[in-house]
Amino acid sequence: MIKIAPSLLAADFARLGDDVRRAEQAGADMMHIDVMDGNFVKPITIGAQMVAALRPHCAAFFDVHLMVAHPEYQIADMIKSGADGVTIHLESGGDTAGMLRTIRELGAQSALSINPDTPIERVYPYLEQVGMVLIMSVYPGFGGQAYLPGSTQRIAQLHGEIVRRGLLVDIQVDGGINGQTAALARKAGANVLVAGSYVFGAEDMAAAIRTLRAEA
Ligand code: DX5
Ligand code: ZN
């Protein structure tokens, strides 16, 4: 099943409560919450306090994508605030396996993200410890960038490895996803699609979400 995760980065930050409700009603499966710290990436976005404030407005899965230098500082607060899943970056360094374990022990889904420049094989040692791998299809930091074409091959390679090992691990893709690139990512084996500008910029959000799922 294809799951659609609109990225709140493209929502109206003065009306986030309304926008998560709107996205949920339009058929979104998850809310993708991009957390940036001004260090791992240049911008600063959303913290745990905002996640807690949004929680009562939406019943969908809260998918927190940590683009931060010290994910270990954020994990417990994010889950306490209502995150259902927490994604950390391989490139953040630190004790990746330990942080993934902490996420699970606190009752959330653990996920690991990888930047476009990092060899895809570097996630292989963690595949047994995650519910999802997030393949970045742009360099993290900003919405509205173009999908990097090399991402399709990386998705296919990871998908092959997951199938070969008989694992049940979701493959999420994030960055530059629209009607065309969603089709490439789905065919390669991605089953969780993040889309910011394509969903929040759409006149008909429900139709945009159906297109991403290939239902339209
Ligand atoms: C980039 C973020 C993405 C981004 C996606 O660092 O992780 O989630 O907001 O935005 P679009 O879909 O506009 O590329
Ligand atoms: Zn993201």
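Counting starts at 1 for both ligands and their atoms, following the listed order. Note that the numbering runs from 1 along the sequence shown for the chain.
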Subject >> Element-labelled atoms of ligand 1 that are located less than 4.0 Å from some non-hydrogen atom of Pro140 >> reply: 6 (O)
Original post:
For ligand 1, which atoms have a heavy atom of Ser197 less than 4.0 angstrom away?
Top reply: 11 (P), 12 (O), 13 (O)
Original post:
What atoms in ligand 1 come closer than 4.0 Å to a heavy atom of His65?
Top reply: 7 (O)
Subject >> Polar contact flag for Gly141 and ligand 1 (N/O pairs, less than 3.5 Å) >> reply: yes
**OP:** Find all atoms of ligand 1 within a distance of less than 4.0 Å from any non-hydrogen atom belonging to Met36, and give their numbers and elements.
**Re:** 6 (O)
Subject >> Test item: Asp34 and Leu8 side chains (from C-beta on) under 4.5 Å apart, heavy atoms >> reply: no
Original post:
Looking at side-chain heavy atoms only, is the closest gap between Lys3 and Asp170 below 4.5 Å?
Top reply: yes
**OP:** Number the atoms of ligand 1 from 1 as they appear, then name those within less than 4.0 Å of a heavy atom of Ala195, with their elements.
**Re:** 12 (O)
Original post:
Against heavy atoms of His32, which atoms of ligand 1 measure under 4.0 Å?
Top reply: 8 (O)
**OP:** State, yes or no, whether a side-chain contact exists between Val123 and Leu90 at a heavy-atom distance under 4.5 Å.
**Re:** yes
Original post:
Does Arg22 come within less than 4.0 Å of Asp12, counting only side-chain N to carboxylate O?
Top reply: no
**OP:** Could you check atom 3 (C) of ligand 1 against the protein and tell me its nearest heavy-atom contact, residue, atom and distance included?
**Re:** Asp174 OD1, 2.9 Å
Original post:
When only distance counts, is Met136 in polar contact with ligand 1, meaning an N/O pair under 3.5 Å?
Top reply: no
**OP:** Give yes if a backbone or side-chain nitrogen or oxygen of Gly196 is under 3.5 Å from a nitrogen or oxygen of ligand 1, and no if not.
**Re:** yes
Original post:
Which atoms of ligand 1 sit under 4.0 Å from any heavy atom of Gly175?
Top reply: 14 (O)
Original post:
Quick one: does Tyr139 get an N or O within less than 3.5 Å of an N or O on ligand 1?
Top reply: no
**OP:** Please find the N/O/S atom of Asp174 nearest to the Zn ion (ligand 2) and write down its name.
**Re:** OD2
Original post:
Which bit of Tyr198 gets closer than 4.0 Å to ligand 1, counting heavy atoms only: side chain, backbone, both or neither?
Top reply: neither
Original post:
Under 4.0 Å from ligand 1, counting heavy atoms only, is it the side chain of Ser7, its backbone, both or neither?
Top reply: side chain
Original post:
Would you say the side chain of Tyr126 lies within less than 4.5 Å of the side chain of Leu100, judging by non-hydrogen atoms?
Top reply: yes
Subject >> atom 14 (O) of ligand 1 - nearest protein heavy atom and its distance >> reply: Gly176 N, 2.8 Å
**OP:** Name the closest protein heavy atom to atom 10 (O) of ligand 1, giving the residue it belongs to and the distance to 0.1 Å.
**Re:** Gly143 CA, 3.6 Å
Subject >> Vertex the Zn ion (ligand 2), rays to OD1 in Asp34 and NE2 in His32 - rounded to 10° >> reply: 90°
Original post:
What's the verdict on side chain to side chain donor-acceptor pair (under 3.5 Å) for Thr118 and Glu91, showing C-alpha distance, side-chain angles and the deciding distance?
Top reply: CA-CA 8 Å; Thr118 306; Glu91 297 83 3; 2.6 Å; yes
Subject >> Ile2 vs Ile4 side-chain heavy atoms within contact, under 4.5 Å >> reply: yes
Original post:
Any idea which atoms of ligand 1 are less than 4.0 Å away from a heavy-atom of Leu9?
Top reply: 9 (O)
**OP:** Flag the pair Ile114 / Met136 as yes when at least one side-chain heavy-atom distance between them is below 4.5 Å, and no otherwise.
**Re:** no
Original post:
Hey, are Arg164 and Glu161 close enough for a salt bridge, meaning a charged N less than 4.0 Å from a carboxylate O?
Top reply: yes
**OP:** Write the atom name of the N, O or S atom in His65 that is nearest the Zn ion (ligand 2).
**Re:** ND1
Original post:
What's the shortest distance from atom 1 (C) of ligand 1 to any protein heavy atom, and which residue and atom give it?
Top reply: Phe142 O, 3.7 Å
**OP:** Could you please spell out the steps behind the side chain to side chain donor-acceptor pair (under 3.5 Å) verdict for Asn178 and Tyr147?
**Re:** CA-CA 9 Å; Asn178 56 37; Tyr147 179 88; over 6 Å; no
Original post:
Any idea how His65 and His89 line up, ring-wise: parallel (<30°), tilted (30 to 60°), or perpendicular (>60°)?
Top reply: parallel
Original post:
Any nitrogen or oxygen of Met67, main chain or side chain, under 3.5 Å from a nitrogen or oxygen of ligand 1?
Top reply: no
Original post:
So, do Val41 and Met36 sit near enough that their side-chain heavy atoms are less than 4.5 Å apart?
Top reply: yes
Subject >> Side chain proximity check, Val199 to Ile209, heavy atoms < 4.5 angstrom >> reply: yes
